[in-house]
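This report refers to the structure that appears directly beneath it.
Quick note on labels: first sequence line is chain A, next is B, and so on, each numbered from 1.
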There are 2 protein chains.
Amino acid sequence: MGIRDDAVEIRSRGWRTLAALHALIETELERSLQREHQLSVVEYTVLDALSRQDGWHMRMRQLARAAALSSSATTRLVTRLEDRGLLTRILCDDDRRGIYTELTDAGWKLFEAARPTHDRVLEEALAEAGEVPELGPLVTALHSEVVQA
Amino acid sequence: MGIRDDAVEIRSRGWRTLAALHALIETELERSLQREHQLSVVEYTVLDALSRQDGWHMRMRQLARAAALSSSATTRLVTRLEDRGLLTRILCDDDRRGIYTELTDAGWKLFEAARPTHDRVLEEALAEAGEVPELGPLVTALHSEVVQA
DNA sequence: TTAATACCGTTGCGTTTGCAACTACTGCAT
DNA sequence: ATGCAGTAGTTGCAAACGCAACGGTATTAA
C-alpha cells in the first residue's frame, strides 16, 4: 500500500459517498414530488431549469445537459410534459434543426407549487444525511462557501 | 431575498452540483466498464461490495443498501450475476428468510480485471470534472481529509 | 398453541432509460 | 452549386428500474 494506492482508495471512497448521498436525496425527492405533485425528479429539474431561464427559451440539448439525460430521453420527457400542457415546443427560426421549449402558465403554476415541497424535502434529506457518519462531512462540505463559489 | 431564502438557494445549488457530478462520473464509468468488461456500474458496485467483505457473506438487503437499489432490483441484479456465474446464492441457516451471496472465483477474477479500469476512469472523470468551473470545488472537497474522515 | 405483526426476498406490471439507426438541417470546402 | 462532415432531434428496441402484491419465515403476546 503506497501513496499511489491511497489516492486510488480515497477516490473510490469519495465516489461511494457521493453516490450514496445522491441516491438518498433523489429517493426522498422522488417520493415526495411524485406523491404531492405527480412530478418525477427529472421532470422537476426540467421545470426548474426552464424557470431559471427567466422567460427565455432553452434548446433540447441544453435541457438534456441540465437534466443529465440522453437526447432520446429528453425528447420523450419533453413530450410527456408537453402532453400535460406544462410546456410548449417552439420551432427555431435561425436554425431550423433546433427546437426551443418554454414553460406555459400551467407549467409555471405547477413549478411554483412544487418548489416549496422540493426545498423542504431537500432540507430534510440533507439533515438526515448529516446524521449518517459516512455522509455527514460531505453534507457539510456541500454547504460551504467554497463549493458554492 | 432574506437569509432564509439564501439558505434554500445554497442547498438547491449544492444539490444540482452534486447531481451533475454524479451523472458525469456514472456515465463515464458506465461506458468504460460496459465496453471493457460487460459490467454496468451497479454490477461493479455489487462485486466491489462483496469483495470488500473479504470472503464473508452479504445479505440481499445489505447489498440493496450498498448499491442504493430497491429490493426487487437487487433480486434481479443478483440473478443476472448468478446466471453469469459471478456469484452464488447461499441459504442462511440461522434465519431461513435470509439469503447470502458470495463471489465465485470467476466473480473475483472479473472484479480484479475490472478494478483497474474503474480506478483509471474514475480518476479521469474527476480530473475532467475538476476543470469545469461549477464542479471543481466539489471535486476538491471530495479529496479532502474531512470528507474522508 | 395460536394469533398478530413484522420482515425478507421474489414476481407482475407499467414506466423510463440509453444505444443505435434514422431524418432533417447547417456550414465548410471544393 | 454540390458534396460532405457535423449537429439536432426523433424513433425502435431491449434492458433496468420502482411500486405493489405475494408467500414464507421470525418474533412477540395472549
Side-chain angles (χ1 to χ4, degrees), chain A residues 19 22-36 38-46 57-84 87-102, chain B residues 19 22-46 50 57-84 87-102:
Chain A
H22 178 269
L24 188 152
I25 296 173
E26 178 156 73
T27 300
E28 301 223 355
L29 282 177
E30 189 75 47
R31 258 202 279 273
S32 301
L33 287 175
Q34 197 62 254
R35 176 162 39 82
E36 297 180 27
Q38 287 75 52
L39 276 176
S40 69
V41 174
V42 264
E43 285 166 353
Y44 178 89
T45 302
V46 164
H57 310 301
M58 218 171 159
R59 293 182 75 129
M60 297 292 286
R61 184 142 275 282
Q62 296 176 265
L63 223 49
R65 204 178 156 72
L69 283 180
S70 68
S71 53
S72 64
T74 307
T75 291
R76 288 181 248 257
L77 176 51
V78 166
T79 302
R80 245 177 302 162
L81 296 176
E82 191 181 24
D83 289 346
R84 288 174 63 179
L87 53 77
T88 53
R89 277 183 165 92
I90 300 175
L91 292 172
C92 193
D93 281 342
D94 49 325
D95 184 345
R96 293 165 62 188
R97 294 169 302 183
I99 292 182
Y100 287 133
T101 52
E102 209 182 54
Chain B
H22 178 269
L24 187 152
I25 296 173
E26 178 156 72
T27 300
E28 301 223 355
L29 282 177
E30 189 75 47
R31 258 203 279 274
S32 302
L33 287 175
Q34 196 61 254
R35 176 163 40 81
E36 298 180 27
H37 306 281
Q38 287 76 49
L39 274 177
S40 69
V41 174
V42 263
E43 286 166 353
Y44 178 88
T45 302
V46 164
L50 285 175
H57 310 301
M58 217 170 160
R59 292 181 76 127
M60 296 293 286
R61 185 142 275 282
Q62 297 176 265
L63 223 48
R65 208 179 154 71
L69 284 181
S70 68
S71 53
S72 64
T74 306
T75 291
R76 289 181 248 257
L77 176 51
V78 166
T79 302
R80 243 179 299 157
L81 295 176
E82 191 181 24
D83 289 346
R84 288 174 63 179
L87 53 77
T88 53
R89 276 182 166 92
I90 299 175
L91 292 172
C92 193
D93 281 342
D94 49 324
D95 184 346
R96 292 165 62 189
R97 295 170 301 185
I99 293 182
Y100 288 133
T101 52
E102 209 181 53

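When all heavy atoms are compared, the tightest approach of A:H22 to B:A19 is CD2-CA, 3.8 Å. Shown here for B:T74 and B:A64, the closest heavy-atom pair between the two residues is OG1-CB, 3.2 Å. When every heavy atom of B:M58 is checked against every heavy atom of B:L63, the shortest pair comes out as SD-CD1, 3.5 Å. Taking every heavy atom of both residues into account, A:C92 and A:R59 meet most closely at SG-NH1, 4.3 Å.
Of the candidates B:L39, B:T45, B:V41, B:L29 forms a side-chain contact (heavy atoms from CB on, under 4.5 Å) with just one, namely B:V41. When each of B:I99, B:V46, B:D83, B:T101 is paired with B:V78, the side-chain contact (heavy atoms from CB on, under 4.5 Å) condition holds for B:T101 and for no other.
Partners of B:R96 by salt bridge (Lys or Arg N to Asp or Glu O under 4.0 Å), not counting sequence neighbours: none found. Every residue was checked against the salt bridge (Lys or Arg N to Asp or Glu O under 4.0 Å) condition with A:R76, not counting sequence neighbours, and none meets it. Residues satisfying the salt bridge (Lys or Arg N to Asp or Glu O under 4.0 Å) test with B:R31, not counting sequence neighbours, are none. The side-chain hydrogen bond (donor to acceptor under 3.5 Å, both in side chains) check on B:Q62 picks up nothing, with sequence neighbours excluded. Remark: B:E43 pairs with B:R80, B:R84 by the salt bridge (Lys or Arg N to Asp or Glu O under 4.0 Å) rule, at least two apart or across chains.
Note: CD (B:E43) to C1' (D:dA15) measures 11 Å, nearest angstrom. Atom CD in A:Q34 sits about 14 Å away from atom C1' in D:dC17, given to the nearest Å.
Using a 4.0 Å heavy-atom criterion, one finds that B:R89 contacts the sugar-phosphate atoms exclusively.
For DNA chain C, the contact window with chain B, defined by any atom under 4.0 Å from a protein heavy atom, covers C:dC7 to C:dC13 in 5' to 3' order.
Remark: B:M60, B:R61, B:S71, B:S72 in residues 60-72 of chain B come within less than 4.0 Å of DNA chain C through at least one heavy atom. Contact check of residues 75-82 of chain A against DNA chain C (heavy atom, cut-off under 4.0 Å) returns A:R76, A:R80.
Mapping A:T27 and A:Y100 onto DNA chain D by nearest heavy atom places A:Y100 at the nucleotide closer to the 5' end. Nearest-nucleotide mapping onto DNA chain D: of A:R31 and A:T74, the residue sitting toward the 5' end is A:T74.
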Can you give me every donor-acceptor pair (side chain of residues 66-73 of chain A, partner residue at least two apart or in another chain, under 3.5 Å) with its distance?
residue	atom	partner	partner atom	Å
A:S70	OG	A:S72	OG	3.2
A:S70	OG	A:A73	N	3.2

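Helix-axis bend for the helix from C:dT1-D:dA30 to C:dT30-D:dA1: the local axis fitted to the five terminal pairs at one end deviates from that at the other end by 20°, rounded to 10°.
Within the structure, no pair that satisfies the salt bridge (charged side-chain N to carboxylate O under 4.0 Å, His left out) test touches residues 60-74 of chain B, not counting sequence neighbours.
With rounding to the nearest 0.5 Å, the separation of CG in B:L87 from OH in B:Y100 is 15.5 Å. Here the CD-CG distance, from A:E36 to A:L33, works out to 8.0 Å after rounding to the nearest 0.5 Å.
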Close N or O pairs between protein and nucleotides 23-28 of chain D (under 3.5 Å):
residue	atom	partner	partner atom	Å
D:dA26	OP1	B:R96	N	3.1

